[in-house]
Amino acid sequence: VKQMIVAGNAALEAQKYPDAVQTFQQAKKLAPTNLDVMTGLTRAEQMRDRLQGEANRKAEEAGRTQNFQRLVKSGQENLSAKHYEAAVANLSDALKLNPTDATALGALKQAQQGHDALLTDAKAKADSAKKVETYQKLLSDGQTALAGKRYADAISAFDAAQKVLPGDKTSKDYLSEAQAAKKSAE
């Protein structure tokens, strides 16, 4: 048991937390009431969990950044192509991920101005707002389905989003991604 405690502490010092947890768990089976074993196991589990939590946080942040960049790029491409509704939707979603980004804010302002210039009457503005809301819901549903590996649902949602705002770059990219994921999963 003493050798296991020494080995477990050495693994902790070397920051090999999963190994330390395993060693202390084995020692606990032999000496379940040993205070050094219990203390070492607790420390090893805490450090392992902290390391795992930090890795998860970094992965989540990287995913958010990648999604933000994709939305901004698509929004700018839609703006250049004068697809103002799609640009407004993409850039609004991007700003939900990073509300202070100057590039996204500026592009959104341009897209809204271009969009408003095309819509002069109240009915057209209301119809357009409803169309953008429907598009954003379909895009969100598709992203959720894609993240949950429900590729058929994702493809259906992104395809529907394409029908709401034809030519939109974001839903087209997500549709391609979902189709590729479905193909590789088969």
Side-chain angles (χ1 to χ4, degrees), residues 18 48-186:
R48 179 200 58 199
D49 294 347
R50 183 181 302 153
L51 189 67
Q52 184 62 44
E54 192 173 305
N56 291 345
R57 185 189 55 74
K58 285 181 181 177
E60 185 177 306
E61 184 62 32
R64 284 175 56 92
T65 300
Q66 182 181 19
N67 200 22
F68 170 78
Q69 290 169 345
R70 173 190 273 180
L71 288 166
V72 170
K73 182 179 180 218
S74 294
Q76 289 172 329
E77 290 171 358
N78 283 322
L79 181 60
S80 296
K82 298 188 187 308
H83 295 161
Y84 297 118
E85 290 174 331
V88 168
N90 296 153
L91 294 165
S92 295
D93 285 346
L95 287 168
K96 289 176 187 172
L97 298 173
N98 186 355
T100 60
D101 185 78
T103 303
L105 286 167
L108 177 60
K109 186 175 181 182
Q110 276 185 304
Q112 287 171 330
Q113 288 171 347
H115 180 254
D116 290 346
L118 293 176
L119 302 174
T120 53
D121 65 54
K123 186 177 184 327
K125 284 184 182 180
D127 289 346
S128 176
K130 186 174 181 183
K131 188 188 280 190
V132 168
E133 185 179 315
T134 301
Y135 166 83
Q136 286 178 320
K137 178 165 179 10
L138 288 167
L139 202 62
S140 176
D141 291 349
Q143 289 169 326
T144 302
L146 186 59
K149 297 185 183 344
R150 295 188 331 268
Y151 302 122
D153 294 343
I155 290 169
S156 174
F158 295 136
D159 192 43
Q162 272 287 298
K163 289 176 182 158
V164 172
L165 294 178
D168 167 52
K169 178 98 172 74
T170 301
S171 58
K172 186 177 179 183
D173 288 348
Y174 276 122
L175 179 60
S176 297
E177 183 180 327
Q179 289 168 335
K182 182 180 180 186
K183 192 173 187 179
S184 69
E186 290 176 346

Heavy-atom pair of closest approach, residues [X] and [Y]:
| X | Y | value |
| --- | --- | --- |
| A161 | L138 | N-CD1, 3.7 Å |
| V132 | A89 | CG1-CB, 3.9 Å |
| A111 | L91 | CB-CD1, 4.4 Å |
| A87 | G75 | CB-O, 3.4 Å |

When you look at S171 and D168, which way does the side chain to side chain donor-acceptor pair (under 3.5 Å) test go after all the steps?
CA-CA 6 Å; S171 58; D168 167 52; 2.9 Å; yes
Enter the distance from [X]:[atom1] to [Y]:[atom2] here, rounded to the nearest 0.5 Å.
| X | Y | atom1 | atom2 | answer |
| --- | --- | --- | --- | --- |
| N78 | E85 | CG | CD | 10.5 Å |
| L139 | T134 | CG | OG1 | 12.5 Å |
| L79 | Q113 | CG | CD | 10.0 Å |
| L97 | R70 | CG | CZ | 12.0 Å |
| L105 | Q110 | CG | CD | 12.0 Å |
| K182 | D153 | NZ | CG | 10.0 Å |

[X] and [Y] ion-paired at < 4.0 Å:
| X | Y | result |
| --- | --- | --- |
| K58 | E54 | yes |
| E77 | K172 | no |
| K169 | D173 | yes |
| K130 | D127 | no |

Side chain proximity check, [X] to [Y], heavy atoms < 4.5 angstrom:
| X | Y | result |
| --- | --- | --- |
| L108 | L95 | yes |
| Q143 | N67 | yes |
| K137 | Y135 | no |

Using modelled atom types only, decide if a donor and an acceptor are shared between the side chain of [X] and the backbone of [Y] within a distance under 3.5 Å.
| X | Y | answer |
| --- | --- | --- |
| S156 | A152 | no |
| S184 | A181 | yes |
| D159 | I155 | no |
| S140 | Q136 | no |

Considering residues at least two apart in sequence or located in another chain, which fulfil the salt bridge (Lys or Arg N to Asp or Glu O under 4.0 Å) criterion with D49?
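In terms of salt bridge (Lys or Arg N to Asp or Glu O under 4.0 Å), with neighbours along the sequence ignored, D49 is linked to no residue.
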Side chains of N90 and T170: donor-acceptor distance under 3.5 Å anywhere?
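The criterion, which ignores hydrogens and geometry beyond distance, is satisfied for T170 and N90.
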Give me each pair satisfying side chain to side chain donor-acceptor pair (under 3.5 Å) with a member in residues 98-109, each pair once, sequence neighbours excluded.
N98-T100
Tell me the ring pair (Phe, Tyr, Trp, His ring centres under 6.0 Å) pairs involving residues 56-90, sequence neighbours left out?
none
Listed partners of Q52 passing side chain to side chain contact (heavy atoms under 4.5 Å, CB included), at least two apart:
N56
Ring pair (Phe, Tyr, Trp, His ring centres under 6.0 Å) partners for Y174, two or more places apart:
F158
Q76: partners by side chain to side chain donor-acceptor pair (under 3.5 Å), with sequence neighbours left out:
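Partners of Q76 by the side chain to side chain donor-acceptor pair (under 3.5 Å) criterion come out as none, since no residue qualifies.
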